[in-house]
Participant: 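I'd like to ask you about the structure that follows.
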Protein chains: 2
Amino acid sequence: MNRPVCLIVPDIDDIEPKSSDPPMTASTPPQPTTEPPTKRDLLLDCAQELFTKEGFHATGIDRILDRAGVAKMTLYNNFGSKEQLIVEVLDRASEGLIGMMGEWAARSSDPFEQVMHLFDGLGEWFSRPDCRGCLLQAAAAEFSDPDSPVTQAIQRHDARVRTLVTRIARATECRAPDDLATQICLLLAGSLSAVRVCRCRQPADAAKRAAAILLEDACRRAEPPRL
Amino acid sequence: MNRPVCLIVPDIDDIEPKSSDPPMTASTPPQPTTEPPTKRDLLLDCAQELFTKEGFHATGIDRILDRAGVAKMTLYNNFGSKEQLIVEVLDRASEGLIGMMGEWAARSSDPFEQVMHLFDGLGEWFSRPDCRGCLLQAAAAEFSDPDSPVTQAIQRHDARVRTLVTRIARATECRAPDDLATQICLLLAGSLSAVRVCRCRQPADAAKRAAAILLEDACRRAEPPRL
DNA sequence: TGGAATAGACAGACCTGTCTAGATGTTTAG
DNA sequence: CTAAACATCTAGACAGGTCTGTCTATTCCA
């Protein structure tokens with residue numbers, strides 16, 4: 001509560017919109033670099049950063065504007081409302097997350113290894129000191145009206161994750177791939193929730209071990225019983 | 001959480017002091033009933049309900065006061081600040097949840113069954129239409145300053161859950177009970193996160209199946225390899 | 001008599017969203 | 001190449017709320 005007001009200068013670090021870390025993003029739009037970002041993208045970036053750090057309700061429009069160095073009307077011309085800004089931030093964050101997960105999985109062609117790489121990637125992410133967990137999960141905690149566009153964005157993301165994981169699970173050719181996918185999604189959600197408290201990669205590593213056991217079990221049951 | 005301890009005010013409509021649902025509570029304080037709740041408890045109840053439904057930042061003090069029918073000074077005399085009110089709501093919610101989990105587990109004396117009952121209980125909770133997931137998890141999403149008293153309350157809760165689950169896991173006498181406990185905690189957190197989106201008991205049931213597999217695996221590995 | 005609760009005003013800040021009037025830069029027409 | 005038309009962005013004031021927290025004067029009840 002009671003946060004420093006009108007934070008022109010960020011927490012410890014930059015003023016520059018240059019992200020001071022290898023972006024770890026997948027799927028940044030294909031821009032040929034060196035081109036200055038549009039005001040729109042700048043707003044999305046700053047909004048995402050502040051929403052991630054402080055929460056959605058706790059972050060005022062003015063804080064975002066100060067940070068982006070952009071006039072209020074630019075925001076309202078581009079997004080129309082704070083709610084719509086939140087929705088677009090969430091959609092973009094989801095896109096980035098799904099992209100990252102896709103890249104992690106693509107480190108192998110074997111579906112078992114793909115799942116392992118999923119949690120390895122998560123562990124790398126969790127290791128970064130600025131990692132605050134999944135923004136979509138945070139939004140789900142802060143917005144509970146099932147009809148709001150924010151909730152719908154969250155559900156879209158959820159469906160995307162499930163699709164990605166289900167695709168991998170089915171490739172294992174185990175007996176009940178959709179159940180396996182559900183269990184892996186639970187482990188993903190669990191580690192994303194846990195990292196918010198422990199702030200280290202441990203939940204990802206633990207989830208990886210659990211996923212390996214579940215995977216092995218699912219595939220074992222698919223084969224005729226030995227003996 | 002939701003833990004309708006002494007929930008004086010029903011869900012949508014207000015004012016009547018009869019609690020309109022089988023309380024599902026564990027560990028309501030031992031009060032000999034019929035005694036009117038203190039203003040303090042009334043405030044905690046209403047605050048918990050509104051925080052659960054709307055979020056912490058989105059819920060203003062005045063809304064809590066209106067709902068409780070209590071003067072502002074009563075709140076500030078009892079709690080001193082909104083932040084402290086949040087902390088006490090969280091501590092009480094944690095107590096309720098841990099109590100519920102303890103009762104669920106106590107439905108059996110076999111540790112394997114205790115874990116199963118844990119997720120069964122979760123499923124019963126998730127089945128209630130007013131279930132909005134775990135308030136502590138929501139708080140973790142909304143408050144990220146690691147030094148804030150709110151965060152400390154969340155960490156206390158986390159430690160309590162871990163203690164409870166670890167105690168059960170150790171009773172199984174499997175080889176690595178603490179790892180097993182970590183995995184079960186991940187499944188708990190995962191299903192608590194998932195219920196926020198799907199609003200049904202399915203995550204609890206899926207987590208139960210996953211937990212059974214992990215448990216069986218952990219115990220199997222403890223025994224000498226067959227053959 | 002005294003402690004607890006009350007209503008209600010109040011301060012000072014922040015909130016979202018609107019409006020205006022002017023600056024800037026880019027495209028198009030002559 | 002110039003000039004007009006256009007869209008975008010700017011700063012800043014503003015409206016109408018809401019926020020947390022304080023204060024006072026009064027009432028209730030033990």
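Lettering follows sequence order; numbering is per chain, from 1. As a basis for the values below, the full set of heavy atoms in this structure was taken, side chains included, without hydrogen atoms, waters or symmetry mates.
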Participant: Taking the nucleotide of DNA chain D with the nearest heavy atom to each, does A:K72 or A:N77 sit closer to the 5' end?
Facilitator: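 Checking each residue's closest nucleotide, the 5'-ward one belongs to A:N77.
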
Participant: Take the protein atom CG of A:L50 and the nucleotide atom P of C:dC15, then report the distance between them rounded to whole Å.
Facilitator: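 Roughly 11 Å, once rounded to whole Å.
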
Participant: Atom CG of A:L75 to atom P of C:dG17: distance rounded to whole Å?
Facilitator: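 Between P of C:dG17 and CG of A:L75: 9 Å.
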
Participant: Is a salt bridge present between B:D45 and B:R92, judged by a nitrogen-to-oxygen distance below 4.0 Å?
Facilitator: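 A salt bridge links B:D45 with B:R92.
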
Participant: B:L75 and B:L43: which non-hydrogen atoms are nearest, and at how many Å?
Facilitator: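 So the two residues come closest at CA-CD1, 3.7 Å.
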
Participant: Does the side chain of A:T74 get closer than 4.0 angstrom to OP1 or OP2 of D:dT10 through an N or O atom?
Facilitator: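 Yes, A:T74 has a side-chain N/O under 4.0 Å of OP1/OP2 on D:dT10.
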
Participant: Figure out the NE2/C1' separation between A:H57 and D:dT20, and round it to whole Å.
Facilitator: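 In whole Å, D:dT20 C1' lies 17 Å from A:H57 NE2.
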
Participant: Of the listed nucleotides (C:dA7, D:dG21, C:dG17), which one gets closest to any side-chain atom of B:A71?
Facilitator: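 Of all the options, the side chain of B:A71 is nearest to C:dA7.
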
Participant: What orientation do A:W104 and A:W125 show, parallel under 30°, tilted 30 to 60°, or perpendicular over 60°?
Facilitator: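 Ring orientation of A:W104 relative to A:W125: tilted.
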
Participant: From CG of B:D66 over to P of D:dT18, roughly how many Å is that when rounded to an integer?
Facilitator: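 So the two atoms are 11 Å apart, to the nearest Å.
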
Participant: A:I64 has an atom CD1; how far is it from atom P of C:dC15, in whole Å?
Facilitator: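 Interatomic distance, CD1 of A:I64 to P of C:dC15: 10 Å.
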
Participant: Where the side chain of A:M73 is defined as all heavy atoms beyond and including C-beta, which of C:dA5, C:dT16, D:dG12 is the nearest nucleotide?
Facilitator: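 Of all the options, the side chain of A:M73 is nearest to D:dG12.
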
Participant: Rounded to whole angstroms, how far apart are CG on A:L65 and P on C:dG17?
Facilitator: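 So the CG-P distance, A:L65 to C:dG17, works out to 12 Å.
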
Participant: Considering only side-chain heavy atoms of B:K39, which listed nucleotide, C:dT16, D:dG21, C:dA5, is closest?
Facilitator: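 Selected nucleotide (nearest to the side chain): C:dA5.
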
Participant: Taking CZ from B:F79 and P from D:dG21, how many angstroms apart are they, rounded to a whole number?
Facilitator: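 Atom CZ in B:F79 sits about 13 Å away from atom P in D:dG21.
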
Participant: Between P on D:dC14 and CG on A:D62, what's the gap in Å once rounded to a whole number?
Facilitator: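 Between P of D:dC14 and CG of A:D62: 16 Å.
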
Participant: Just grab all the salt bridge (Lys or Arg N to Asp or Glu O under 4.0 Å) pairs involving residues 149-170 of chain B, residues at least two apart or on different chains.
Facilitator: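 For residues 149-170 of chain B: B:D91-B:R156, B:R170-B:D178.
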
